[in-house]
Amino acid sequence: MGNIIKIQKGCKDILPENVTTWQFIEEKARETFSKAGFREIRTPIFEATELFQRGVGDTTDIVNKEMYTFEKSERSITLRPENTAGVVRAYIENGMHKLPTPVKLYYMGPMFRYERPQAGRQRQFSQVGVEMFGIETPVADAEIIALAVDYLKSVGLNDLDVEINSIGCPKCRDEYKNRIKEVLKDELPNLCEDCQVRYHKNPLRLLDCKVESCKKIFEKPEIQKVIQSDYICDECSKHFEELKLYLEKLNINYKINKLLVRGLDYYNRTVFEIKSNNLGTQNAVCGGGRYDTLVGNLSGQPTPAIGFAMGMERLISLIPQVENPKLDVFVVSDNMSNALYCTQKIREMGYSAEFDLNNRKFSKQLEKASKVAKFAVFYCENEVQKNVVNVKNLSLSTQKEVSFEELGSILNNER
RNA sequence: GCGAGUAUCGUCAAGCGGUUAAGACCUCGGAUUGUGGUUCCGAUAUGCAUGGGUUCGAAUCCCAUUACUCGCCCCA
């Protein structure tokens with residue numbers, strides 16, 4: 001095998017033994033979100049490149065260097081790097097603003113980002129997320145955060161860190177950015193290369209630089225004063241305070257992380273992340289926030305909105321593998337035709353069943369049965385003659401000769 | 001785009017310059033051609049990512065290439 005074709009970098013096969021775990025988290029998502037009145041939406045995996053440029057933002061890394069973009073019939077197409085923009089596009093295009101508010105949607109599926117893969121990061125990865133349109137008040141923020149926590153609980157994750165912050169509205173955030181730039185102006189040449197870029201592109205990101213020399217600079221009192229100041233305007237501040245009260249009432253433990261700023265341009269006011277320390281350096285399972293201007297920016301009726309996305313691979317890595325269910329019945333027979341007949345008959349009764357297509361000898365068939373099934377059903381010459389089967393409970397080692405009609409009740413009772 | 005590490009069977013691996021490349025799991029066969037899951041025996045890499053080099057001799061040392069992993073940036 002000299003020249004086998006290999007999977008693409010940053011992609012992963014999900015093999016049958018792991019699929020059960022995926023089905024589990026998908027099922028829990030549908031359950032939890034629909035219980036809260038959210039309905040599933042499925043949008044295309046590719047969209048017009050412009051959607052992401054205008055939606056996610058021209059200055060973001062995602063749009064600048066991570067998109068899978070190609071030309072087809074003189075159109076620029078991009079594999080979706082996230083799904084909020086796509087859902088918003090569908091919301092606008094399908095006139096969903098005419099629906100009763102709030103409009104509550106959820107989605108799950110693959111996303112694509114051209115990045116160097118590492119722990120917790122792939123080029124094709126899956127997100128499950130929710131979006132809520134039409135509610136401006138912080139109850140919506142609280143419900144969304146609670147929903148994220150509920151979902152994580154439903155898959156068995158109870159003690160993750162919920163971090164929240166408010167990045168204000170475009171107006172007060174700009175003032176804050178300017179003040180940061182102002183106070184750091186003289187230090188600019190001393191900052192690391194990345195920070196030099198951040199200074200111009202996204203000053204908010206300056207704050208959590210990990211380079212020691214930068215950290216030292218940021219520790220200076222006059223700079224700390226600016227960083228720590230409650231820069232957001234009264235209205236934004238009130239929104240944030242209310243959110244905190246709701247969360248407290250719901251007994252959701254949160255931490256305020258002033259350094260939490262999200263990398264997508266569309267966010268305003270509430271942003272949040274849910275983190276685990278079992279994830280390595282890419283430690284956020286969930287990220288989200290409010291995006292009140294996005295619908296308008298994409299030429300829809302201005303509509304406030306909030307949502308989150310979770311990385312499903314990261315989620316999977318945090319929960320124990322769900323065991324593959326055992327087969328109900330493995331049919332043991334000395335005759336292929338009878339084996340097939342009996343197996344089909346059991347399947348028709350509503351039970352899972354297999355037989356040995358290799359036609360191995362009796363003891364091998366039974367060995368196989370004990371590995372994969374709860375029951376062995378013998379259907380050999382003897383049984384065929386009498387028109388019965390012998391059913392053996394493989395964990396109890398009990399065996400009984402019964403007719404096909406009686407078989408169902410045994411499988412049902414002992415299963 | 002930058003930095004570091006790793007590459008031996010389907011999987012996990014031992015081996016650290018000296019004739020036939022441990023072991024375990026999986027798979028397959030046998031003991032046991034109608035009673036399994038716990039037992040015992042046996043089979044399975046002319047090859048150690050690829051291409052060069054050093055050496056009497058290379059899975060082992062050197063160089064290059066490729067792939068993967070981890071980290072930076074950024075994000076789920």
Side-chain angles (χ1 to χ4, degrees), chain A residues 1-4 6-12 15 17 56 59-66 81-84 108-129 148 192-198 201-202 205 208-211 260-264 267 272-276 279-289 307-318 326 330 332-335 356 358-383 390-399:
Chain A
M1 39 188 232
N3 198 18
I4 57 170
K6 299 214 285 191
I7 195 167
Q8 288 305 104
K9 189 195 276 286
C11 298
K12 285 261 163 62
L15 300 174
E17 57 266 34
V56 178
T59 65
T60 62
D61 278 6
I62 290 182
V63 169
N64 270 326
K65 47 182 202 192
E66 295 175 6
E82 57 96 59
N83 206 29
T84 298
M108 56 183 107
M111 309 292 159
F112 305 85
R113 262 122 93 157
Y114 186 80
E115 300 179 87
R116 288 294 287 271
Q118 70 185 75
R121 171 191 290 161
Q122 295 169 204
R123 288 185 173 178
Q124 176 174 336
F125 62 103
S126 299
Q127 287 189 331
V128 49
C192 71
E193 235 174 84
D194 288 327
C195 281
Q196 306 265 351
V197 178
R198 289 192 192 105
K201 221 174 74 180
N202 190 353
R205 285 229 84 93
D208 61 350
C209 183
K210 282 140 202 142
V211 176
L260 176 60
V261 291
R262 317 227 64 249
L264 287 69
Y267 286 115
F272 64 96
E273 278 184 6
I274 301 178
K275 295 179 179 173
S276 161
L279 274 177
T281 160
Q282 309 299 327
N283 62 355
V285 211
C286 173
F308 67 74
M310 297 200 193
M312 297 175 85
E313 286 80 5
R314 292 183 189 177
L315 205 52
I316 293 274
S317 73
L318 289 176
K326 273 204 165 182
F330 194 88
V332 175
S333 175
D334 53 6
N335 174 290
D356 182 36
N358 287 312
N359 197 19
R360 277 172 294 209
K361 64 180 189 182
F362 188 90
S363 66
K364 290 295 176 189
Q365 290 191 29
L366 188 53
E367 188 182 331
K368 172 85 175 172
S370 71
K371 279 179 187 155
V372 300
K374 293 175 217 158
F375 295 90
V377 164
F378 302 110
Y379 192 59
C380 301
E381 200 50 40
N382 294 349
E383 286 87 358
N390 265 295
V391 53
K392 175 165 191 169
N393 183 319
L394 289 164
S395 53
L396 301 175
S397 277
T398 55
Q399 188 172 327

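Quick note: numbers below take in every heavy atom, side chains included, and nothing from hydrogens, waters or symmetry partners. Letters A, B, ... mirror the listed sequences (proteins, then strands); counts begin at 1.
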Could you check whether any side-chain heavy atom of [X] comes within less than 4.5 Å of a side-chain heavy atom of [Y], counting everything from C-beta outward?
X	Y	answer
A/Met312	A/Phe125	no
A/Phe272	A/Cys286	yes
A/Lys275	A/Val285	no
A/Leu366	A/Leu394	yes

Base, sugar-phosphate or nothing for [X]? Non-hydrogen atoms, less than 4.0 Å.
X	result
A/Leu264	sugar-phosphate
A/Ala369	nothing
A/Glu273	nothing
A/Asn382	base
A/Glu66	sugar-phosphate
A/Phe378	base
A/Glu383	base
A/Cys380	base
A/Glu115	base

[N], OP1 or OP2 - any side-chain N/O from [X] closer than 4.0 Å?
X	N	value
A/Arg360	B/U33	no
A/Arg205	B/C73	no
A/Lys361	B/A31	yes

Discussion item. Nearest to the A/Lys371 side chain among B/U27, B/G34, B/U35, which nucleotide is it?
Written reply: B/U27

Practice prompt. Round to a whole Å and report the spacing from CZ of A/Phe375 to C1' of B/U35.
Written response: 16 Å

Worksheet item: Can you check the A/Leu396 CG to B/G37 P distance for me, whole Å?
Response: 17 Å

Just name whichever nucleotide pairs with [N], Watson-Crick or G-U, keeping both distances under 3.5 Å, else none.
N	answer
B/U60	none
B/G29	B/C41
B/C48	none
B/C70	B/G3

Worksheet item: Are the charged groups of A/Lys12 and A/Glu313 less than 4.0 angstrom apart, N to O?
Response: no

Discussion item. How about OH on A/Tyr114, more than 12 heavy atoms from neighbouring residues, nucleotides or ligands closer than 6.0 Å, or not?
Written reply: no

Discussion item. With rounding to the closest Å, how many angstrom separate the C1' atoms on B/A22 and B/C62?
Written reply: 28 Å

Item to complete: Scan nucleotides 64-71 of chain B nucleotide by nucleotide, 5' to 3', and note B when protein non-hydrogen atoms come under 4.0 Å of the base, S if they reach only the sugar-phosphate, - if neither.
Response: ---SSSSB

Less than 3.5 Å apart, which donor and acceptor atoms pair up between the side chains of residues 376-383 of chain A and the rest of the protein, not counting sequence neighbours?
from, atom 1, to, atom 2, distance (Å)
A/Glu381, OE2, A/Gln385, NE2, 3.0
A/Glu383, OE1, A/Cys380, N, 3.0
A/Glu383, OE2, A/Asn390, ND2, 2.9

Worksheet item: With a centroid cutoff of 5.5 Å and a plane-angle limit of 30°, would you call A/Phe125 stacked on B/A76?
Response: yes

Practice prompt. Check the side chains of A/Ser395 and A/Asn393 for a donor-acceptor pair under 3.5 angstrom, ignoring hydrogens and angles.
Written response: yes

